[in-house]
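All values derive from a computational prediction rather than experimental measurement. Convention: sequence-line order gives letters A, B, ...; per-chain numbering from 1.
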Amino acid sequence: GQQVMQIPQYQHVQEGEDFTTYCNSSTTLSNIQWYKQRPGGHPVFLIQLVKSGEVKKQKRLTFQFGEAKKNSSLHITATQTTDVGTYFCAGPGNQFYFGTGTSLTVIP
Amino acid sequence: KAGVTQTPRYLIKTRGQQVTLSCSPISGHRSVSWYQQTPGQGLQFLFEYFSETQRNKGNFPGRFSGRQFSNSRSEMNVSTLELGDSALYLCASRTVITGELFFGEGSRLTVL
């Protein structure tokens, strides 16, 4: 079946450092979505990418969708303590296939 | 607009019991899906309902079941609870067109 993997599983950074999480799907995706889950919270939608090679920015966050539409990345510039949480990618199919998630810890 | 509402938020059950969780989607959303979240397994898809019909089902045993009512509210039921069923159960609704999922705060189930 379809699998969506993310790396790294955990990432600890000093506040101000950059952070990147990578998402890889075993199959081509029609689109990809990113969600953020704060500790003790629920996943919250961040963005959706649809086009091959698409790049979108939200303030310090940059999202990319690969040319082959099988991978994606999320890059955070100059992390802040408010960025703490787990970041999931998700690809739609017969169901939503969520990535394994990357847990980000920001050390003040 | 009110968000997705899940009840109860927390519950404790013992092995062998059954549990029913409820989810009220955002008004106008006809799709409701359920997910099990555990530290080791991440977000696992349980099933999705649309207009009272189950569209898709994840790889879970038959002890996990659900339904959707005409007002789009959904329930999921887990029978004969096992220790491994302890998890956060998340419900999400969406408009089929956009595909963006709106999650509820979840129901945290502990099985003793």
Heavy-atom distances under 4.5 Å only: say whether A:Pro92 touches chain B with side chain, backbone, both or neither.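 No part of A:Pro92 comes within 4.5 Å of chain B.
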Are there more than 12 heavy atoms of other residues, nucleotides or ligands under 6.0 Å from atom [atom1] of [X]?
| X | atom1 | answer |
| --- | --- | --- |
| B:Arg15 | CZ | no |
| A:Phe45 | CZ | yes |
| B:Asn59 | CG | no |

Aromatic contact between A:Phe96 and B:Tyr35, with the criterion being ring centroids under 6.0 Å apart: yes or no?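 When the ring centroids of A:Phe96 and B:Tyr35 are compared, they turn out to be at least 6.0 Å apart.
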Give the member of B:Gly106, B:Ala92, B:Gly104, B:Ser33 that has the highest number of heavy-atom pairs under 4.5 Å with chain A.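 Looking at each of B:Gly106, B:Ala92, B:Gly104, B:Ser33 in turn, B:Gly104 comes out on top.
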What part of B:Gln44 is in contact with chain A, defined as an atom under 4.5 angstrom from a non-hydrogen atom: side chain, backbone, both or neither?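 Neither part; nothing is under 4.5 Å.
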Region of B:Leu101 that comes under 4.5 Å of a non-hydrogen atom in chain A: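 Both parts, backbone and side chain.
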